[in-house]
Number of protein chains: 2
Amino acid sequence: MQADKVFKALGDPTRRKLLDLLCEKNGQTLGQLCEHLDMARQSATQHLEILEAANLVSTVKRGREKLHFINPVPLHEVYERWVRKFERHRLSLLHDLKKELEGE
Amino acid sequence: MQADKVFKALGDPTRRKLLDLLCEKNGQTLGQLCEHLDMARQSATQHLEILEAANLVSTVKRGREKLHFINPVPLHEVYERWVRKFERHRLSLLHDLKKELEGE
DNA sequence: TTGACATGCAGGTATTTACCTGCATATTAG
DNA sequence: CTAATATGCAGGTAAATACCTGCATGTCAA
């Protein structure tokens, strides 16, 4: 897993919107995705390249079109590595804080 | 939830390391955290400010020290909003891809 | 009180990022 | 073939980011 690429890819509203669009309808072309974005096509291409580099999106060429498919696996791995780990602290947080304030 | 701040905060290796350090031992001071980082104290402060703005870290002043506590809640919310949604696609991904390649 | 210590504040710089425009290439339809 | 269509490639700019140094402030301990 490359947490860096995944988190950086998700750290942009346009890219999250692209993922949402693919969530609604998988396999859309660049042109279809662009219709929902308020920017030049080339800017959208760059965002999709970043999502692809993070392995969050896979592409397939069909003729002159490029189809985009969402890939949820990296997100799941990020969850396993980061979210679950930190969730163990949910219950103990207030306890830790209290202990520290009392001078440990 | 502010997905933007959370993902951007997580999109930096130094900040993820800080979260890991707090995961090992919650409530550390700025100085303690700096010992593990290869950068100026002020740079670490900036990273911690970003984590705090994303609500991933909470701080408490104790005398001249500043204690840092991890807050896993935003991560959980991000999981609920993003990871679970996309996981529904894990099983259908190959099916969608095949369908598209066949011309839909 | 005074010196050591922990942190805050105010800039300054180099790199990365998110846009853009202009032109090139490749595919399909008529 | 040729024109329309879908995408790729090559820069160019402004803003954000991740560092830094230098100095100020606040707290503790002798």
What closest approach, in Å, do [X] and [Y] show between heavy atoms, and which atom pair accounts for it?
| X | Y | result |
| --- | --- | --- |
| B/Asp20 | A/Trp82 | OD2-CH2, 3.9 Å |
| B/Gln32 | B/His36 | O-CD2, 3.3 Å |
| B/Arg41 | B/Cys34 | CA-SG, 3.8 Å |
| A/Leu22 | A/Gly27 | CD2-N, 4.3 Å |

Are the side chain of A/Asn71 and the backbone N or O of A/Ser58 linked by a donor-acceptor pair below 3.5 Å?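 Looks like no, no N/O pair under 3.5 Å.
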
Could you tell me whether a side-chain N or O of B/Arg15 sits under 3.5 Å from a main-chain N or O of B/Leu10, the two making a donor and an acceptor?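 Absent.
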
Can you check each nucleotide of nucleotides 25-30 of chain D against protein heavy atoms at under 4.0 Å and return B for base, S for sugar-phosphate only, - for none, in 5' to 3' order? -BBS--

Please state how far atom [atom1] in [X] lies from atom [atom2] in [N], giving the value in whole angstrom units.
| X | N | atom1 | atom2 | answer |
| --- | --- | --- | --- | --- |
| B/Leu51 | D/dT17 | CG | C1' | 14 Å |
| A/Leu48 | D/dC9 | CG | P | 14 Å |
| A/Leu67 | D/dA6 | CG | C1' | 12 Å |
| B/Leu37 | C/dT7 | CG | P | 13 Å |
| A/Asp12 | C/dT16 | CG | P | 18 Å |
| A/Arg16 | C/dA18 | CZ | P | 11 Å |
| A/Lys8 | C/dT15 | NZ | P | 15 Å |
| B/Leu30 | C/dG8 | CG | C1' | 10 Å |

Look at the aromatic rings of A/Tyr79 and B/Tyr79 and report parallel, tilted or perpendicular, splitting at 30° and 60°.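 Ring orientation, 0 to 90° scale: parallel.
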
For A/His47, the option from A/Leu33, A/Leu37, A/Leu18, A/Val57 that meets side-chain contact (heavy atoms from CB on, under 4.5 Å):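 Exactly one pass, corresponding to A/Leu18.
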
Is there a chain of hydrophobic side chains (I, L, V, M, F, W, Y, each step under 4.5 Å between heavy atoms) that links B/Met39 to B/Ile50?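 Shared cluster, no.
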
Contacts to DNA chain C from residues 39-46 of chain A, heavy-atom cutoff under 4.0 Å, which residues?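 The stretch gives A/Met39, A/Ala40, A/Gln42, A/Ser43, A/Gln46 as the residues lying under 4.0 Å from the strand, ordered by number.
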
Would one find a side-chain N or O of A/His47 under 4.0 angstrom from OP1 or OP2 of C/dT17?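 For C/dT17, OP1/OP2 do not have a side-chain N/O of A/His47 under 4.0 Å.
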
